[in-house]
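Read through the structure below, which is laid out as C-alpha cells, and then see the notes.
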Amino acid sequence: MKLVIIINGKGGSGKDTICNIVSKYYKVVNVSSVAPIKEIAKYGGWDGNKDIKGRKLLSDIKKAFTDYNDLPNTYLCYTYAQFLNDANAEILFVHIREPKEIKKFKKELITTFYTLLIKSNKTDYEYGNKSDDNVEKYKYDFVYENNGSKEKLETDFMNYFEHNIIRKEN
C-alpha cells in the first residue's frame, strides 16, 4: 500500500499527534511544506516559537519562497519521490496549509491520495496570517473532529481512520 494523506488543520488541532498515532500501526513518513522554511527562519533568528508572531513570520517567508522559486512544493515533491522508492513506507502524511498549495501538490501525485482536515473546538480563533486562517477554505475528502479526550483519541481516530480512509482505499 502506498497512500498519501494531505493533512491540514489550525495550529494545535492535533495533526502531529494523529500522525504519531497512525505510525504505531503503519509505516508512516511525515513531512511538512514549511520544514525548509523553518530552517531559513532559524538562520534569520527565529527562536522556534509558534506563537502568533512566529506563525506570521513562517507564513510570510513561505509565501515569499513560493513566489520566488516554489521551494515548499519542490521540497514536498522530492520527499514524495523518496516515499515512492521506499519499499517499507506505506503512508505519507503531507502537511500543507494553503488551499492553493494543496491543489498544486495534488497534481504531482500518481498514487492514491486523500485530504484530511483536523478540526478542534480548541482552535476556533484567528492567527493573523493567511496560512493558518484559511485552512477551512478547501473542500476536504475527510474531516475529523478532534474534540474528545486525549485518553480516547487513539482509539477514536484509528476507528475513524480504518472505517473511512483505509476502507475507501481497499
Side-chain angles (χ1 to χ4, degrees), residues 1-38 50 55 58 62 66 70-125 127 131-170:
M1 169 178 67
K2 290 285 187 187
L3 175 61
V4 175
I5 299 173
I6 300 170
I7 189 167
N8 205 355
K10 288 189 175 185
S13 62
K15 297 176 302 295
D16 285 321
T17 301
I18 283 170
C19 293
N20 290 335
I21 289 169
V22 175
S23 72
K24 293 179 183 181
Y25 302 89
Y26 296 91
K27 292 182 180 19
V28 168
V29 176
N30 193 12
V31 64
S32 173
S33 63
V34 78
I37 303 308
K38 286 180 178 179
K50 289 187 180 178
R55 287 181 179 281
L58 295 174
K62 184 178 179 190
T66 296
D70 207 17
L71 174 63
N73 194 58
T74 301
Y75 172 74
L76 292 178
C77 290
Y78 174 77
T79 305
Y80 175 60
Q82 288 181 311
F83 167 75
L84 292 177
N85 290 321
D86 183 344
N88 294 318
E90 297 174 299
I91 298 174
L92 174 65
F93 279 105
V94 181
H95 299 251
I96 308 174
R97 290 270 203 261
E98 305 83 3
K100 181 179 173 185
E101 296 303 304
I102 293 170
K103 290 176 188 173
K104 184 190 315 176
F105 181 67
K106 283 173 45 176
K107 292 178 183 176
E108 305 292 334
L109 301 175
I110 59 171
T111 53
T112 302
F113 65 88
Y114 299 111
T115 55
L116 170 64
L117 176 66
I118 307 301
K119 292 182 75 167
S120 173
N121 57 15
K122 298 170 221 139
T123 60
D124 285 341
Y125 49 90
Y127 286 90
S131 297
D132 285 300
D133 293 339
N134 291 330
V135 298
E136 293 185 23
K137 294 183 178 176
Y138 185 84
K139 184 170 174 29
Y140 295 89
D141 298 312
F142 299 97
V143 177
Y144 178 74
E145 297 280 346
N146 183 14
N147 294 319
S149 69
K150 287 184 180 181
E151 297 76 28
K152 294 182 180 179
L153 178 59
E154 182 169 341
T155 302
D156 186 57
F157 182 76
M158 286 310 297
N159 184 46
Y160 177 88
F161 187 74
E162 294 288 337
H163 286 91
N164 292 287
I165 297 172
I166 295 301
R167 182 176 287 166
K168 189 170 185 172
E169 168 67 5
N170 295 325

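Residues P72 and S33 approach most closely at CB-O, 3.5 Å, considering heavy atoms. Between V29 and A89, the shortest heavy-atom distance links the atoms CG2-CB, 3.9 Å. Taking each heavy atom of S32 and L76 in turn, the nearest pair found is C-CD2, 4.0 Å. When all heavy atoms are compared, the tightest approach of T66 to E101 is CG2-OE2, 3.4 Å. Pairing each heavy atom of S23 with each of V28, the nearest pair is CA-CG2, 3.6 Å. The shortest non-hydrogen separation linking C19 to I7 is SG-CD1, 4.1 Å.
Of the possible donor and acceptor atoms, none in the side chain of R97 sits under 3.5 Å from a partner among the backbone N and O of I102. Side-chain atoms of N8 never come within 3.5 Å of backbone atoms of L117 as a donor-acceptor pair (strictly under, hydrogens ignored). A donor-acceptor pair under 3.5 Å is absent between the side-chain atoms of N146 and the main chain of I118, judged by distance alone. Side-chain atoms of N159 do not come within 3.5 Å of backbone N or O of T155 as any donor-acceptor pair. At distances below 3.5 Å, not a single donor-acceptor pair connects side-chain atoms of K27 with backbone N or O atoms of A87. Proximity of a side-chain donor or acceptor of S120 to a complementary backbone N or O of N147 within less than 3.5 Å is not detected.
For the atom pair CD of E108 and OH of Y78, the computed distance is 16.0 Å after rounding to the nearest 0.5 Å. Distance check, rounded to the nearest 0.5 Å: OG1 of T79 to CG of L84 gives 11.0 Å. One finds the OH atom of Y160 at 13.0 Å from the CG atom of L153 (value rounded to the nearest 0.5 Å). The distance from atom NE2 of H95 to atom CG of L116, rounded to the nearest 0.5 Å, is 10.0 Å. Residue I18 holds its CD1 atom at 5.0 Å from CZ of F157, rounded to the nearest 0.5 Å. The CD1 atom of I96 lies 13.5 Å from the NZ atom of K100; values are rounded to the nearest 0.5 Å.
Put simply, the side chain of V4 reaches to within 4.5 Å of the side chain of F83, judged on heavy atoms. For the pair T17/K150, no side-chain contact is recorded, criterion being any heavy-atom separation below 4.5 Å from C-beta on. You'll find the side chain of N30 reaches within 4.5 Å of the side chain of D16, heavy atoms only. Contact annotation: the side chain of F161 never approaches that of I21 to less than 4.5 Å [non-hydrogen atoms, C-beta and beyond].
The side chain to side chain contact (heavy atoms under 4.5 Å, CB included) test with Y140 singles out one residue from Y144, F142, Y138, and that residue is Y138. With I5 as the fixed residue, the side chain to side chain contact (heavy atoms under 4.5 Å, CB included) test singles out one of I91, T115, T112: I91. Remark: of the listed residues K10, E98, R55, K62, E98 is the sole one forming a side-chain hydrogen bond (donor to acceptor under 3.5 Å, both in side chains) with S131.
Remark: Y25 OH is packed, more than 12 non-hydrogen atoms of other residues, nucleotides or ligands lying under 6.0 Å away.
The salt bridge (charged side-chain N to carboxylate O under 4.0 Å, His left out) search around D70 returns K104, not counting sequence neighbours.
Between F105 and Y80, the ring planes are perpendicular. Angles over 60° get that label, and only those under 30° would be called parallel.
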Determine, step by step, whether L3 and Y114 satisfy the side-chain contact (heavy atoms from CB on, under 4.5 Å) criterion, reporting the C-alpha distance in whole Å, the side-chain angles of both residues, the deciding distance to 0.1 Å, and the verdict.
CA-CA 8 Å; L3 175 61; Y114 299 111; 3.7 Å; yes
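A salt bridge links K24 with E154: the closest approach of a Lys/Arg side-chain nitrogen to an acidic carboxylate oxygen falls below 4.0 angstrom.
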